[in-house]
Visitor: 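Supplied in structure tokens, the structure appears directly below.
Heavy atoms only: backbone and side chains are in, while hydrogens, waters and symmetry mates are out. Position 1 is the first residue of the sequence, and the numbers go up from there. Because the structure is predicted, anything quoted here is derived from the model rather than measured.
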Amino acid sequence: MSFAVKRIYAAPEASDGFRMLVDRLWPRGVSKERAELDQWNRDIAPSPELRTEWHHDPARFDEFAARYRRELDENPAAAALIALGTEHDRVTLLFGARDEQVNHATVLLDWLAGRGASIERTPPAASGAVG
């Protein structure tokens with residue numbers, strides 16, 4: 001099982017494998033056709049309360065990440081994601097955040113790695129896409 005993360009604004013590629021949106025809210029400016037999703041898993045995203053409290057403040061990222069990991073430990077959707085990873089050669093976790101390093105998808109990727117999943121870290125893409 002291999003997992004990677006990618007902004008949903010970047011162009012879909014065959015190498016993405018199974019494409020899953022892991023945001024609770026649909027990203028602005030992306031049509032469902034352009035997204036080319038296999039699944040939208042809202043339940044794997046941080047709780048609305050945690051997301052609101054964090055508000056993508058880089059200074060609070062460590063606190064956010066610790067709290068999100070605790071949520072994942074108790075989240076049945078996280079266990080289901082690990083199982084899904086065994087069914088596909090690669091699962092790409094898509095997110096809408098502007099910051100490609102400071103976001104919940106990178107925390108999720110690290111959490112998966114801690115449970116034995118193979119992960120691929122790709123350098124930020126120069127997608128040129130708005131978002």
Side-chain angles (χ1 to χ4, degrees):
M1 91 181 111
S2 175
F3 291 90
V5 294
K6 182 177 186 177
R7 283 191 82 217
I8 195 162
Y9 300 100
E13 298 171 311
S15 63
D16 291 343
F18 189 89
R19 291 171 51 88
M20 176 187 288
L21 177 61
V22 294
D23 284 351
R24 194 164 295 276
L25 305 174
W26 188 263
R28 292 180 185 169
V30 177
S31 69
K32 293 195 190 295
E33 293 78 26
R34 184 174 141 217
E36 294 186 30
L37 293 183
D38 293 300
Q39 185 176 2
W40 179 12
N41 189 337
R42 297 175 182 101
D43 296 331
I44 198 78
S47 66
E49 298 80 17
L50 180 56
R51 187 178 62 82
T52 301
E53 287 175 25
W54 176 42
H55 198 62
H56 296 278
D57 179 356
R60 299 186 63 208
F61 185 66
D62 290 340
E63 173 192 350
F64 162 78
R67 289 182 58 194
Y68 182 39
R69 281 188 209 96
R70 286 193 298 272
E71 286 187 358
L72 290 168
D73 288 340
E74 302 295 323
N75 188 342
L81 178 58
I82 292 171
L84 181 73
T86 64
E87 299 171 15
H88 300 278
D89 292 334
R90 181 179 172 128
V91 177
T92 298
L93 308 172
L94 302 167
F95 64 94
R98 290 177 191 256
D99 191 323
E100 295 188 37
Q101 304 303 316
V102 178
N103 63 69
H104 75 283
T106 60
V107 176
L108 177 56
L109 192 67
D110 288 340
W111 184 87
L112 289 164
R115 274 127 195 96
S118 173
I119 62 168
E120 182 178 323
R121 296 193 188 277
T122 54
S127 66
V130 178

Visitor: Is a side-chain donor or acceptor of R24 paired with a backbone partner of P46 at a separation under 3.5 angstrom?
Guide: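 Such a contact is found between R24 side chain and P46 backbone.
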Visitor: From F3 CZ over to D110 CG, what is the distance, rounded to the nearest 0.5 angstrom?
Guide: 13.0 Å
Visitor: Can you tell me how far apart CG (L93) and CD (Q39) are? Round to the nearest 0.5 Å.
Guide: 10.5 Å
Visitor: To the nearest 0.5 Å, tell me how far L37 CG sits from F18 CZ.
Guide: 9.0 Å
Visitor: Knowing that exactly one of H104, R51, R42 qualifies, which makes a side-chain hydrogen bond (donor to acceptor under 3.5 Å, both in side chains) with D23?
Guide: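 When H104, R51, R42 are each tested with D23, the side-chain hydrogen bond (donor to acceptor under 3.5 Å, both in side chains) holds only for H104.
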Visitor: Taking the side chain as C-beta and beyond, is there a heavy-atom pair between F64 and D57 under 4.5 Å?
Guide: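 No, side chains not in contact.
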Visitor: Considering all heavy atoms of both residues, which atom of G85 and which atom of V91 are nearest to each other, and what is their separation?
Guide: CA-CG2, 4.1 Å
Visitor: Write down the atom of K6, the atom of A11, and the distance for their closest heavy-atom approach.
Guide: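 So the two residues come closest at NZ-O, 2.8 Å.
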Visitor: Answer whether the closest heavy-atom distance between the side chains of D38 and H88 falls below 4.5 Å.
Guide: no
Visitor: CD/E13 to OG1/T92 distance, rounded to the nearest 0.5 angstrom?
Guide: 9.0 Å
Visitor: Does D73 reach the side chain of R115, with side-chain heavy atoms less than 4.5 Å apart?
Guide: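 They are in contact (side-chain heavy atoms under 4.5 Å apart), so the answer is yes.
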Visitor: Using the rule salt bridge (Lys or Arg N to Asp or Glu O under 4.0 Å), only one of E53, E74, E49 pairs with R67; which is it?
Guide: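 Single pass found, and it is E53.
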Visitor: Would you mind reporting whether F61 and T106 have side-chain heavy atoms less than 4.5 Å apart?
Guide: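 Yes, side chains in contact.
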Visitor: What's the spacing between L108 CG and N75 CG if we round to 0.5 Å?
Guide: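 Between atom CG of L108 and atom CG of N75 there are 9.5 Å.
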Visitor: How long is the straight-line distance from CZ of R7 back to CG of L94, given to the nearest 0.5 Å?
Guide: 11.0 Å
Visitor: Please report the shortest heavy-atom distance between A105 and V22, naming the atom on each side.
Guide: CB-CG2, 4.3 Å
Visitor: I'd like to know if the side chain of D16 reaches the main chain of R19, judged simply by a donor and an acceptor atom lying under 3.5 Å from each other, with no hydrogens or angles considered.
Guide: no
Visitor: For W40, does the six-membered ring have the charged nitrogen or CZ of K32 within the cation-pi criterion, i.e. under 6.0 angstrom from the centroid and within 45° of the normal?
Guide: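 Output no; distance or angle outside limits.
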Visitor: Between V102 and P58, what is the shortest heavy-atom contact and its length?
Guide: CG1-CA, 4.2 Å
Visitor: Which atom pair, heavy atoms only, marks the closest approach of F95 to N103?
Guide: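 Closest approach of F95 to N103, heavy atoms only: CE1-ND2, 3.5 Å.
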Visitor: Looking only at heavy atoms, what is the nearest atom pair of P12 and A35, with distance?
Guide: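 Shortest heavy-atom contact: CG-O, 4.4 Å.
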